[in-house]
Novice: 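Dropping a structure here in structure tokens format, bear with me for questions.
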Amino acid sequence: MYRIGELANAFGINSDTLRYYEKHGLLSPSERTGSGYRLYSDKDAQLLKFILRAKNVGFTLNEIQELVSIELNKSQWACADVKGRVDKKLDNITAKILELQKFQKGLQELSDSCCGGDESAEYCSILEALDDIHHDESVPRFDKPISAKGDKSC
């Protein structure tokens, strides 16, 4: 049996993390001592390892809770159920990556449009480009090149 600090140290995490997992129903100590200390078994340690691995590949606590439920009742679930959850997470991550790539492209275009000099920001091409987006009353889009307006832009 492991005390909370021993189990936390074994996995390189904080004891508060274990308390947090307990609070959210992911992990419970197998026993408590008469004085209230949490005691964890080897089975609890294996479950913690499972939780941490799921967290390391990007699952949220709610998603991990679903996976833990499946892990603890494997005979009640099909492999397709687990794969479906992984594929859904993969689709979400792929969509986020595409969105971040759009942000990256837009920010790169903004950066490339500016000289970055010591001149006044009064005619800063970045601010002008952002102002143009605002005046267009449209959702910011970075699918067309950003160009500075006016002769005095850097």
Side-chain angles (χ1 to χ4, degrees), residues 1-114 116 124-148:
M1 298 295 272
Y2 306 91
R3 288 179 126 179
I4 192 167
E6 294 169 335
L7 186 61
N9 287 339
F11 286 92
I13 61 174
N14 191 302
S15 297
D16 289 338
T17 302
L18 290 176
R19 289 184 193 94
Y20 184 80
Y21 291 162
E22 182 180 351
K23 179 181 174 185
H24 291 279
L26 292 172
L27 184 69
S28 296
S30 292
E31 297 178 32
R32 284 195 182 254
T33 65
S35 56
Y37 287 103
R38 293 166 173 85
L39 295 176
Y40 296 91
S41 67
D42 287 334
K43 185 177 176 183
D44 297 327
Q46 283 300 112
L47 183 56
L48 178 59
K49 186 177 186 179
F50 178 90
I51 291 166
L52 294 174
R53 284 184 175 170
K55 185 177 178 280
N56 284 338
V57 295
F59 285 105
T60 65
L61 287 182
N62 288 337
E63 293 165 338
I64 294 171
Q65 198 166 29
E66 290 178 6
L67 292 171
V68 166
S69 175
I70 294 170
E71 171 68 12
L72 296 176
N73 300 297
K74 291 177 187 176
S75 64
Q76 305 297 317
W77 296 87
C79 190
D81 297 321
V82 180
K83 183 175 179 4
R85 282 166 171 77
V86 169
D87 288 346
K88 181 180 175 183
K89 186 66 175 182
L90 182 60
D91 289 345
N92 290 341
I93 295 296
T94 300
K96 284 181 183 179
I97 289 170
L98 291 172
E99 182 180 32
L100 288 172
Q101 287 172 334
K102 285 182 185 178
F103 291 155
Q104 180 185 32
K105 180 182 177 198
L107 290 170
Q108 188 64 58
E109 288 177 5
L110 284 171
S111 178
D112 291 348
S113 75
C114 182
C124 178
S125 57
I126 293 174
L127 297 176
E128 288 179 1
L130 293 173
D131 190 45
D132 283 346
I133 290 170
H134 176 71
H135 282 92
D136 289 343
E137 295 183 19
S138 64
V139 176
R141 293 180 23 199
F142 297 111
D143 54 356
K144 57 184 178 180
I146 295 170
S147 60

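What you are looking at is a predicted structure, and each value in this text was computed from that prediction instead of being measured.
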Novice: For a quick test of reading the model, state the closest non-hydrogen atom pair linking C114 to C124 and the distance between them.
Specialist: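 C114 and C124 have their closest heavy atoms at SG-SG, 4.1 Å.
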Novice: If you take all heavy atoms of L47 and L26, which pair is closest and at what distance?
Specialist: CD2-O, 3.7 Å
Novice: Is it true that atom CD of Q104 has more than 12 heavy atoms of other residues, nucleotides or ligands lying nearer than 6.0 Å?
Specialist: no
Novice: Measure across M1 and S30 and return the closest heavy-atom pair with its distance rounded to 0.1 Å.
Specialist: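 Closest approach of M1 to S30: CE-CB, 4.1 Å.
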Novice: At what distance, to the nearest 0.5 angstrom, does OG of S28 lie from NZ of K23?
Specialist: 14.0 Å
Novice: Taking CZ in R19 as the centre, count heavy atoms belonging to other residues, nucleotides or ligands within less than 6.0 Å. Is the count above 12?
Specialist: yes
Novice: Apply the test side-chain contact (heavy atoms from CB on, under 4.5 Å) to residues L98 and Q101: give CA-CA distance (whole Å), side-chain angles for both, the deciding distance (0.1 Å), then the verdict.
Specialist: CA-CA 5 Å; L98 291 172; Q101 287 172 334; 3.5 Å; yes
Novice: Roughly how far, to the nearest 0.5 Å, is CG of N9 from OG of S15?
Specialist: 6.5 Å
Novice: Any chance you could measure L67, atom CG, to R53, atom CZ, to the nearest 0.5 Å?
Specialist: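 That separation rounds to 14.0 Å.
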Novice: Please list, chain by chain and in numerical order, all residues satisfying ring pair (Phe, Tyr, Trp, His ring centres under 6.0 Å) with Y20, sequence neighbours excluded.
Specialist: H24
Novice: Holding to side chain to side chain contact (heavy atoms under 4.5 Å, CB included), I want the full list of residues that pass it with K55, two or more places apart in sequence or in another chain.
Specialist: Y21, I64
Novice: Once rounded to the nearest 0.5 Å, what's the spacing between atom CD1 of I51 and atom OG1 of T17?
Specialist: 11.0 Å
Novice: Go through the steps for I4 and Y37 under the test side-chain contact (heavy atoms from CB on, under 4.5 Å), then give the verdict.
Specialist: CA-CA 8 Å; I4 192 167; Y37 287 103; over 6 Å; no
Novice: So which atom in F59 and which in R85 form the shortest heavy-atom distance, rounded to 0.1 Å?
Specialist: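 Heavy atoms only, the tightest pair is CE2-O, 4.2 Å.
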Novice: For a side-chain contact (heavy atoms from CB on, under 4.5 Å) check, start with the C-alpha distance between L110 and L130, then their side-chain angles and the critical distance, and finish with the verdict.
Specialist: CA-CA 9 Å; L110 284 171; L130 293 173; 4.0 Å; yes
Novice: Under the criterion side-chain contact (heavy atoms from CB on, under 4.5 Å), I'd like the reasoning laid out for L39 against R32: C-alpha separation, chi angles, the key distance, then a yes or no.
Specialist: CA-CA 6 Å; L39 295 176; R32 284 195 182 254; over 6 Å; no
Novice: May I ask you to test the V68-Q65 pair for a side-chain heavy-atom distance under 4.5 Å?
Specialist: no
Novice: Counting N and O atoms only, with roles assigned by atom type, does the side chain of D131 sit under 3.5 Å from a partner on the main chain of L127, one being a donor and the other an acceptor?
Specialist: no
Novice: Check D91 with K88, please: is the shortest side-chain N to carboxylate O separation under 4.0 Å?
Specialist: no
Novice: Under the salt bridge (charged side-chain N to carboxylate O under 4.0 Å, His left out) rule, what pairs show up with a residue in residues 35-47, not counting sequence neighbours?
Specialist: E22-R38
Novice: Of all heavy-atom pairs between Y40 and L18, which one has the smallest distance, and what is that distance?
Specialist: OH-CB, 4.2 Å
Novice: Just verifying a value: how many Å separate K105 NZ and Q108 CD, rounded to the nearest 0.5 Å?
Specialist: 11.5 Å
